[in-house]
Amino acid sequence: MTSYDTTHEMYEELAVGHALSALEPEDEQVFLRHLPGCAACAAAVSEHSETLTHLAYAAVSDSPPASILEGIRAGVAESGRSGAFPAPVSLDAARTRRRDKTVRATTAILGAAASLILVAALVLMNRGLQSKADQQQQATDKLNLVVKTLLVDGSREVKLTGSAGKAVVVVNGSKVSFAAAGLPTNDRSSSIYVLWAKSVSGGVNAVGTFDIRSGEPTVVNDLKVGNPNEVAAFIVTKERGRQAPALSTQPAVVEGSV
Amino acid sequence: MTTPRARTGAPRAADPNARPTPYDGLDDRALVARVTEGDGGALEALYARYGRACFGLARRILTDEQFAQDVVQEVFLTVWRDAHKFDASRGGFSSWLLSMTHHKAVDAVRREENLRKRRTTSELLEDREVDGPQVHDEVWSTLRRSRVREAMHTLPEPQKEALVLAYFGGYTQREIAGITNTPLGTVKTRMLAGMKRLKEGLEGLNDTAPILDFSPRTAQ
Ligand SMILES: [Zn+2]
């Protein structure tokens, strides 16, 4: 055995101790100084870690308590590490998540509305002399704000677009929430908006109905789709009458593919 | 009996009530890539795959449910923050994740000396059957567990003891030398020999569960 082999044998032992987090601090330091320059030891550590991963599975466990996932969700929410359309999350978690003032206001109205339809009570802004572009931008901003309150981990969002406005469908399992902004108000005595789900096989089913009563974002909660995995697209139409027809002949106001 | 499909995925959520999610078809690397982009759903999908294993390991080391919860939570929030540090060329994600879990749990048990109950090797290895649903990834886990158990039983007792005291007991090599009344050098040698033997015994055991061809689990 050469002197290199003899010396390196020590590192082989240290690599095992390192993978096991079992080295004394001074040994750990010795190994960490050696590791960056030694491909053999890097490979050994990876191999040992893989082996120990199997050993980890010998530690039988019942399902972990739900509070862990809740804590992770809270940590994720607090990290603020998300874009305009943050990670999709489950609606249940969204409801239990810590919320800001705006969201609490929305919730209060959510609770008050016995039916599905409600208008998010965002702070009314002075819309006196805004250009159409400004209004559209503002509607989009508010929609993003509302969608943020609906999205929780585990669900997905589908963006619907059209010339008349924007909407987002949040799908969590078979549960669906819907938020729209910028859609024209409808006459509540003679018309209604309908959200449709188009399946991959081409069938179209009404998911729910709603009214647009103001320029503020509209949120519809507690909708359901039969088989969320079968949905290929969501479409919104404006229908005559106060009920969703069996079939729509109206053009899409907004639509988006899943 | 179901037949294995392509070996592209990882074990899916052990929760029998889990609904299909858009993340089901993604492998770990794809999920990690999404996490780096700030996709919390991808993080939850990883938790659904490995949360149970992480919790089992942390609880075994810490013997305290609350501490184990804290560790697992911290691990996944570290993944959320540092997913970009995962280097797939250096091993699988589950390996990285469970190493991190092990490391944090060991740190915690060393901080909280009172958690350290003196346990024997067999107590630390604790063979007991899982209660709970036998969904397909559970079947896989059960297979893997029995392979691991077999492999551990082929190790000479001193080697097994050294590995188990370190891995599940969170003891350092010097502490193990003290507990087993063995020279430190011998402990190091036993660990290396035991690790090599364990690796041989687990040869061919893939880190990743095959995705079995299950009919879709419908909600309710
Ligand atoms: Zn080396």
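A note on names: the letters A, B, ... follow the listed sequences, proteins ahead of strands, and every chain is numbered from 1.
- Here A:Glu9 contributes atom CD and B:Lys188 contributes atom NZ; the two are 12.0 Å apart, rounded to the nearest 0.5 Å.
- A heavy-atom distance below 4.5 Å is not found between the side chains of A:Val76 and B:Glu44.
- Contacts of B:Thr189 with chain A are made by both backbone and side-chain atoms, with heavy-atom separations under 4.5 Å.
- For B:Leu163, the parts sitting under 4.5 Å from any heavy atom of chain A are the backbone and the side chain alike.
- A donor-acceptor contact shorter than 3.5 Å is absent between the side chain of B:Gln69 and the backbone of A:Ser67.
- In terms of heavy atoms, A:Ser21 sits closest to B:Val106 at O-CG1, 4.0 Å.
- Checking B:Ser95 against A:Thr53 by side-chain atom types alone, a donor-acceptor pair falls below 3.5 Å.
- In this structure the side chain of B:Tyr47 reaches within 4.5 angstrom of the side chain of A:Ile68, judged on heavy atoms.
- Residues B:His102 and A:Leu52 fail the side-chain proximity criterion, which asks for heavy atoms closer than 4.5 Å.
- In this structure, OH in B:Tyr23 is found 10.0 Å from CZ in A:Arg156, a value given to the nearest 0.5 Å.
- By the 4.5 Å heavy-atom criterion applied to side chains, B:Leu98 and A:Tyr57 are counted as neighbours.
- Listed by first and then second residue, the salt bridge (charged side-chain N to carboxylate O under 4.0 Å, His left out) pairs that reach into residues 33-48 of chain A are A:Glu47-B:Lys199, sequence neighbours excluded.
- The local environment of NZ in B:Lys160 is crowded, with over 12 non-hydrogen atoms from other residues, nucleotides or ligands closer than 6.0 Å.
- Rounding to the nearest 0.5 Å places CD of A:Glu13 at 12.5 Å from CE of B:Met195.
- Most heavy-atom pairs under 4.5 Å with chain B: of the set A:Val258, A:Leu69, A:Leu23, this distinction falls to A:Leu69.
- In terms of heavy atoms, B:Gly92 sits closest to A:Glu50 at N-OE2, 2.9 Å.
- To the nearest 0.5 angstrom, A:His48 atom NE2 is 6.5 Å from B:Leu192 atom CG.
- Ranked by heavy-atom pairs shorter than 4.5 Å toward chain B, the options A:Ala19, A:Pro228, A:Ser49, A:Ala43 are led by A:Ser49.
- Here the side chain of A:Ser46 pairs a donor or acceptor atom with the backbone of B:Arg90 at under 3.5 angstrom.
- Within the model, atoms CD1 of B:Ile176 and CG of A:Leu20 stand 7.5 Å from one another, a figure rounded to the nearest 0.5 Å.
- Listed by first and then second residue, the salt bridge (charged side-chain N to carboxylate O under 4.0 Å, His left out) pairs involving residues 95-111 of chain B are B:Glu74-B:Lys104 (not counting sequence neighbours).
- Counting heavy atoms from C-beta on, the side chains of A:Thr51 and B:Leu202 come closer than 4.5 Å.
- Within the 4.5 Å cutoff, the side chain of A:Leu55 has heavy atoms near those of the B:Phe168 side chain.
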